[in-house]
Amino acid sequence: MSVAGRAHLTPDRLSDRLRYLVLSMLVIVVAVGIAGLIAVRVATGQVDQLTKGYNPAIDTHTSALIDMLNAETGIRGYVLTGNKSFLQPYLDSKNKVVPTLNATKATLNSVGEHGQDASINVELARANAWLNTYAAPIVATRGKPNISDQRQNQGKTMFNSYRTANNTVSAQLQNKRDNLRAQSTRIRGLAFPTLIAIVVIAILVAIALAVRSARRISRPLTKVWSVVRRLNKGDLNARADEDDGPAEVRDLAHAVNALAIRSSADSVAEREAELFRQRTRLISSTIRRTTNGAIMADHLARGLGSAFEVDRVWLRTFPDDRVPSLTAQWHVERLADLDDPVDEHVEATRSLASRLWESAQIVTIDDHRSYQPSEQGQLLFKIVQKAGATSSMVVPIGDSSSAFGLVWISMVSHPRHWTMTEAGVAQHLAADLAHSLMQAHLIERQAQAVQMLQELDQAKSDFISTVSHELRTPLTSITGYLELLTDGEVGDLPPSASKVLQVIDRNATRLRNLIEDLLTQSRIDAGRLRLDMASVDVAEVLRAVQAAMTPLAASSDVLLDFDCPVSGTLQVYADAPQLEQVFTNLVSNAVKFTPSGGKVSVVAEHDEVEGGVFAQVIDNGIGIPERDIPNLFTRFFRASNASASVTPGTGLGLAIVHEIVQRHGGEVDVESELGRGSTFSVWLPTHPPLAI
Ligand code: ADP
């Protein structure tokens, strides 16, 4: 039999059960009450018979005997004496006897006793016989009664007969009363324990009923309660037994189960929603992780496909300045790749996407069979229909002003309902893609621009390098021949010619320095400046610089003073030619920016504190404006006073100094006061760091 069948056959309701319990209790109480009443009734019935029947009947019966005895005494006294006064007791009693006996009978009848009626009637008859037949004629005689002995004996016999009848009734009544008394005592002795026994049994039955009912209610309730506790602890699979206990408890179990099913459905829905959120977050972050537009679009298509569990995702951007032109598609395995469905209608699709974009809308078609497209949506509808879609979502991709692409998410196998959440997520992801695509496009264009600039820069460096090399060869030839001329190797020259030669020599030196600066700078730019490290004596380097710079200083009428310790004390590990270029640049600047009559001092010493060499080039020339000092070591920078005084220069010298000193792990610094002179300080470590 099915559970439902059993439940149907026993409509076991809590209320019925309680009603049944209350009814049972009521029956028990009534039964106990009735039993008590019966016991009382039995006990009091005996007493009633005694007190209302036999005791008063015995009394009245005795009083009838007394009346008869009084009457007999009166008659006897009268017979013996003839004195009428003796008749008084007779007269007092004769009329009482019959009523008294009748009253005795009536009293007994009133308690249901009719067994004595016959005996009492006999007694009545015998009393009447004596009173009427014997006594009344004697009383009626006038004068002294003369009663024969025979008659007297006859009267005696009649009275004795009465006495016998009276005795019989008396004995019967006494006997009956004694029996009743004994019976009453017996009943009273039994009634109380019986009553107690009945009450005890009734209480036991009531308790058993109550316990049984309570158990049948509480047991299934406890089970339901334990299920509620398990549910509360998160065990959403816990279920209550819907077929156990009274109907109300079963209803409760059913309600608890319904609640559990709903909460577990809610929690499944919540988990699915969280999974969906995680997937979409993942799509966003993967899109942002790359700067390649095609990869981004691919991530979006793939991500949307798996997050939305659809059949196909197709995406394209239209030709636009803001983003690269690309298409991407993803589909379930059983489908084939799609040829660009909007290829022939790019402009129409673009304007539709733009309209959607402007109105912040997306298109969702749950079921293509029952969809009626608007006039504007006809084209799009035809396109997606042609591609075999049964259900579609079309989301525009764009920036603040207009759309530049669209994403089409579709089902092919069957229609599908697109939720608001999905629509929102698709819109959000399309916006993410738009933003990332634009950024990537911008970065790409920037990278292209940078590459172009680098190529240009490289071309410039190559050009400078080539030109410098090309200039260096003829300049070497010029200075070589100049030396021949000044040394008199080609014959004596007139004095005026030697002055001209000095000018040529000075400018040739300047030109050589310029070319060296340009070559060094282009080597630095190209990353080709290599340090050829060796142990170098800075004093020797300075002496070479002094030799080279002295003619220049002399021609400018500037006193050049070198103050160095003896050789061997300023030893550092360095690239000697580059170190020479550092000091050549600093000294030539000092000479250049010191008016004639001025002085340039070069001092160098061993750095006792940190080790290495500390050298200074000090002049009392034009100085440098304070605001220009921070930019001095920048390429092509020239202080405002240098430009104003039309002192020639490229602005490369100090930048090269700075670069070379830094590569040696050293430092260069400047202190200057406008109009009073400048001091350039160079510190070089004994051993440059290994990384150089
Ligand atoms: P250039 O000397 O070819 O102009 P530099 O790079 O060697 O280029 O110097 C940059 C600028 O620093 C100079 O144009 C000049 O304004 C300033 N300068 C350099 N040395 C001195 C100096 N000893 N006294 C005054 N100004 C100087």
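First listed ligand is number 1; within each ligand, the first listed atom is number 1. Values below: all heavy atoms of this structure, side chains included; hydrogens, waters and symmetry mates excluded.
- The L652 neighbourhood of ligand 1 comprises atoms 6 (O), 8 (O), with distances under 4.0 Å to a heavy atom of that residue.
- Backbone and side-chain nitrogen or oxygen atoms of T650 are examined, and one is located within less than 3.5 angstrom of a nitrogen or oxygen of ligand 1.
- Enclosure of atom CZ in R528 by more than 12 non-hydrogen atoms of other residues, nucleotides or ligands within 6.0 angstrom is indicated.
- A donor-acceptor pair shorter than 3.5 Å cannot be found between the side chains of D563 and S601.
- Of all atoms in ligand 1, numbered sequentially from 1 with element shown, those under 4.0 Å from a heavy atom of I624 are 25 (C), 26 (N), 27 (C).
- Contacts between V617 and ligand 1, counted as non-hydrogen atom pairs separated by less than 4.0 Å, are absent for every part of the residue.
- Taking a 4.0 Å cut-off on heavy atoms, G651 registers as neighbouring ligand 1.
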Check step by step if side chain to side chain contact (heavy atoms under 4.5 Å, CB included) holds for L475 and R472.
CA-CA 5 Å; L475 186 63; R472 204 194 222 171; 5.6 Å; no

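- By the criterion of a heavy-atom distance under 4.0 Å, the side chain of L632, and not its backbone, is placed next to ligand 1.
- Evaluated by nearest non-hydrogen atom to atom 25 (C) of ligand 1, the leading choice among F636, F637, F680, F593 is F593.
- Heavy atoms from both the backbone and the side chain of L654 come within less than 4.0 Å of ligand 1.
- Both the backbone and the side chain of A639 come within 4.0 Å of ligand 1, counting heavy atoms alone.
- Residue contact check: A590 has heavy atoms under 4.0 Å from atoms 23 (N) of ligand 1.
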